[in-house]
**Q** 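Please read through the structure below; I'll follow up with questions.
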Amino acid sequence: PKNNTVSVSLGQQFTLKQGQVAKISNTGLEIKIADFYNNPCKGVCIWSGVGIGFEYRFNGEVQEGINLVQAFGYQTTIVKTDHETYANLIVEKMK
């Protein structure tokens with residue numbers, strides 16, 4: 001469905017929900033939130049258990065990872081998120 005894709009500019013804050021794809025104008029970069037993780041740990045753990053599973057697509061290549069905020073020369077800033085339904089993001093070109 002078309003409403004699952006949002007077009008945004010570099011440096012512009014936008015909201016992304018799970019499964020939505022953001023196309024970053026004039027870059028060829030696409031960002032998708034594959035998953036939200038919200039299982040804060042109670043005892044010993046490797047990581048906080050809270051995060052966002054990102055998927056980046058660029059020129060046919062894919063990079064994915066939890067809280068992966070740098071990919072293909074771009075930096076993603078997580079401005080705000082509830083780790084369940086949405087994330088407010090800003091994407092900028094790395095200097």
Side-chain angles (χ1 to χ4, degrees):
K2 207 170 169 73
N3 63 358
N4 250 12
T5 304
V6 293
S7 288
V8 298
S9 304
L10 274 178
Q12 173 194 345
Q13 184 172 322
F14 61 96
T15 300
L16 208 54
K17 296 189 165 85
Q18 185 167 342
Q20 279 188 319
V21 175
K23 289 180 185 281
I24 315 299
S25 306
N26 305 318
T27 64
L29 182 70
E30 294 182 9
I31 301 176
K32 177 180 171 185
I33 292 182
D35 238 325
F36 284 103
Y37 300 92
N38 194 359
N39 303 306
C41 17
K42 309 285 187 276
V44 178
C45 54
I46 321 280
W47 66 302
S48 67
V50 179
I52 299 173
F54 285 106
E55 184 179 297
Y56 296 87
R57 292 181 180 274
F58 188 71
N59 292 338
E61 288 182 62
V62 178
Q63 283 188 20
E64 49 195 351
I66 297 171
N67 290 343
L68 177 68
V69 293
Q70 294 183 344
F72 302 114
Y74 293 91
Q75 169 81 40
T76 302
T77 303
I78 302 168
V79 179
K80 189 173 175 215
T81 178
D82 63 357
H83 290 106
E84 285 177 16
T85 59
Y86 79 95
N88 291 351
L89 307 171
I90 297 175
V91 178
E92 293 163 296
K93 201 158 180 48
M94 284 163 65
K95 295 176 177 49

**Q** With the side chain counted from C-beta on, respond yes when Y74 and L10 share a heavy-atom pair under 4.5 Å apart, and no when they do not.
**A** yes
**Q** Quick one: do V6 and I33 end up in the same hydrophobic cluster if we chain Ile, Leu, Val, Met, Phe, Trp and Tyr together by side-chain heavy atoms under 4.5 Å apart?
**A** yes
**Q** Would you name the heavy atoms of I31 and F54 that are closest together and state the gap between them?
**A** CG2-CD2, 4.0 Å
**Q** Contact between Y37 and V50 at the side-chain level, heavy atoms closer than 4.5 Å - yes or no?
**A** no
**Q** Please indicate whether D82 has more than 12 foreign heavy atoms, meaning atoms of other residues, nucleotides or ligands, lying under 6.0 Å from its CG.
**A** yes
**Q** Between L29, T27, V8, which is the residue that forms a side chain to side chain contact (heavy atoms under 4.5 Å, CB included) with V91?
**A** L29
**Q** Check step by step if side-chain contact (heavy atoms from CB on, under 4.5 Å) holds for D35 and I52.
**A** CA-CA 6 Å; D35 238 325; I52 299 173; over 6 Å; no
**Q** Check the hydrophobic clustering (I, L, V, M, F, W, Y; side-chain heavy atoms under 4.5 Å; chains of links allowed) and say if V69 and F72 are grouped together.
**A** yes
**Q** Would you name the heavy atoms of F36 and E84 that are closest together and state the gap between them?
**A** CD1-O, 3.4 Å
**Q** Donor-acceptor pairs are to be reported for all side-chain atoms of residues 13-24 against protein atoms at under 3.5 Å, with residues two or more places apart or in another chain.
**A**
{"from": "T15", "atom 1": "OG1", "to": "N88", "atom 2": "OD1", "distance (Å)": "2.7"}
{"from": "Q18", "atom 1": "NE2", "to": "A34", "atom 2": "O", "distance (Å)": "3.4"}
{"from": "Q20", "atom 1": "OE1", "to": "K17", "atom 2": "N", "distance (Å)": "2.8"}
{"from": "K23", "atom 1": "NZ", "to": "E30", "atom 2": "OE2", "distance (Å)": "2.7"}

**Q** Using side-chain heavy atoms (C-beta onward) and a distance below 4.5 Å, is I90 in contact with T76?
**A** no
**Q** Report yes or no: does T81 contribute a side-chain atom to a donor-acceptor pair with the main-chain N or O of H83 at less than 3.5 Å?
**A** yes
